[in-house]
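Accompanying notes for the structure given below.
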Amino acid sequence: MDELILRRDKNIVKIWPYLDDLSSFVYSYRVGHLSQDLNRVVNLDFSKVKRINSSVAAFALLNLCRALNSSGRVYRIVMPEDTAIMHTMQNICFFSILSDKLRVNTLDLFQECHINREPRFVVEHDEARNIRTTSFPIYTIRYDKNSERKGYKEFSRWVLAKLHPMLFRKYDVDVVMLIELMNEMVKNTQDHAQSDALLGLTITENLDSRTGELAFSCGDFGIGIHGTVLNYLRVNEVKGLSPDAWRSFSIADSYQMAFTRGFSTYGNKKHNKGLGLPTILDLARELGLDLSALDTQAFLLIDDDGQNTHAGWRQRIFSLDKSMGFGYYGRLKF
Amino acid sequence: MTKINVFDDYEINALCSREDVDAFIKRLKDRGVPCLIENEIVIDFDGCVADYDATAHLIDYLLNELRPHEGHEANKTLTVKMNGSSKKEFIYHKLFLGSSIFGLTDKIRDGEMDEWDKKISNSLLANGITMCIEHNKLNNPIILPQR
């Protein structure tokens, strides 16, 4: 029976149906069941994707790329059955980013798979309720080791050009503070992960009540805050800590240290002042942003009013079964 | 009084690098702003995304413009209207980190806030300038030098 199940699934990776929901964050894409030798072409099966938005899809994309990147396989995309979903995924560049990161075969004996590479906003208008939802194209923040903040600078121009005219003085939201927070987050990601990062953004506007919600995710291919702190402690002395403290450092300890103003694992580079994470926390709280993160094997509530203490973080950390990479998720009502 | 509203007057929604600020300063100069005989400059960052270092560069420029010049009286005022986080550390980092006038090139570490206040206050006193920082979330402005 086990053998039968393995044979049935061995060349398919099924994609979670609800790519608009936080639950997709904790769905792990596995490769252990795939055929090792006989067939190296794997179907990425998007057929049952039923809902999607950019903020959650960006994180699913990151997880997929992380899980599948290391193998020498070739991937085939099985498109969503729902054509509206398929168009959304094409327009927000889900498949084009996927094919940049993985070896995707777009042509086989039977059919050709077209991949759109031109980013387009997906705007849906619920006329009955007068609610407009905009899914932004998933933005790749490119890491350039020769010009470490180039990707950040490009991103800051992009996010400013998109968000400022859409929200400033049109809604009751401090868009300047929001952009400053996103900038700080991306800067931090680029400095520490030294990898590309993906940002997804969705805005829902009630055009009658002039209220709405903005949701975003920002994830990277690095080792996360916990891993970065551990690596730092392995080779650096920190006042008040024994040299082998890292051996027993929990994720709560790492977060307490990382969110202490002035602590930086990034050395004394001119542009890095160790302001990043505490600033992100301050801005999130002042904005009323519901901010969380996935890191190592945990989901963490960052913005909660808890103190920056071991006990405070322990209350806000939820353990998962498997490492999901690193990323922030933020949701702001306005 | 010279009023500079970064977004409304100049349609600038970001001052995130020294290059951004240099371009802005050029535009100010082209318009003859600020004028040397003015006793007060009011700069309003409403609607403008600003980053530390860049902002400090602009504040340095404005303070230099207000420094006593021959034939003009001292006791001038720089009023800064800002938003964002209202934490004092954040405000100070945003306005002063990277300032060459105040010599503040590194972040505020634990217990260093008083030292920053002293440095800023001494420098402002020496130049006969008062800084008034008005934040949209604070009831009272921060007045420097501290008395």
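Residue numbers start from 1 in every chain, and the chains themselves are labelled A, B, ... in the order their sequence lines are given, proteins ahead of strands.
- Around the NZ atom of A:Lys170, the shell of radius 6.0 Å holds more than 12 heavy atoms that belong to other residues, nucleotides or ligands.
- Of the two parts of B:Asp51, only the side chain, counted from C-beta on, holds a non-hydrogen atom closer than 4.5 Å to a non-hydrogen atom of chain A.
- Within 6.0 Å of NZ on B:Lys3 lie no more than 12 heavy atoms contributed by other residues, nucleotides or ligands.
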Exercise for review: Kindly determine whether A:Lys153 and B:Asp20 satisfy salt bridge (Lys or Arg N to Asp or Glu O under 4.0 Å), including the steps that lead there.
Suggested key: CA-CA 12 Å; A:Lys153 285 177 182 165; B:Asp20 290 346; over 6 Å; no
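- Note that CE of A:Met177 and CZ of B:Phe90 are 8.0 Å apart. Values are rounded to the nearest 0.5 Å.
- With rounding to the nearest 0.5 angstrom, the CG atom of A:Asp174 is 5.0 Å from the NZ atom of B:Lys137.
- Using a 4.5 Å cut-off between heavy atoms, A:Arg157 makes no contact with chain B at all.
- Residue B:Val49 forms a side chain to side chain contact (heavy atoms under 4.5 Å, CB included) with just one option from A:Leu178, A:Ile179, A:Val175, A:Leu163, and that option is A:Ile179.
- Looking at every heavy atom in both residues, B:Ala14 comes nearest to A:Leu160 through CB-CD2, 3.2 Å.
- Counting heavy atoms of neighbouring residues, nucleotides and ligands inside a 6.0 Å radius, atom CG of A:Asp172 does not exceed 12 of them.
- Sorted by first and then second residue, the pairs that involve residues 168-189 of chain A and meet ring-ring contact (aromatic ring centres under 6.0 Å, His included), not counting sequence neighbours, are A:His164-A:Phe168, A:Phe168-B:Phe7, A:Tyr171-A:Phe334.
- The line from NZ of B:Lys94 to OG1 of A:Thr279 is 10.5 Å long, rounded to the nearest 0.5 Å.
- Interface remark: B:Ser17 contributes no atoms to any contact with chain A (heavy atom separation under 4.5 Å).
- Side-chain contact between A:Glu180 and B:Asn83 is absent, with no heavy atoms from C-beta onward closer than 4.5 Å.
- Separation of atoms OG (B:Ser85) and CD1 (A:Ile280) is listed at 12.5 Å; rounding is to 0.5 Å.
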**Study point:** Stepwise side chain to side chain contact (heavy atoms under 4.5 Å, CB included) test for A:Arg169 and B:Asp46
**Key:** CA-CA 10 Å; A:Arg169 291 179 183 161; B:Asp46 185 32; 3.0 Å; yes
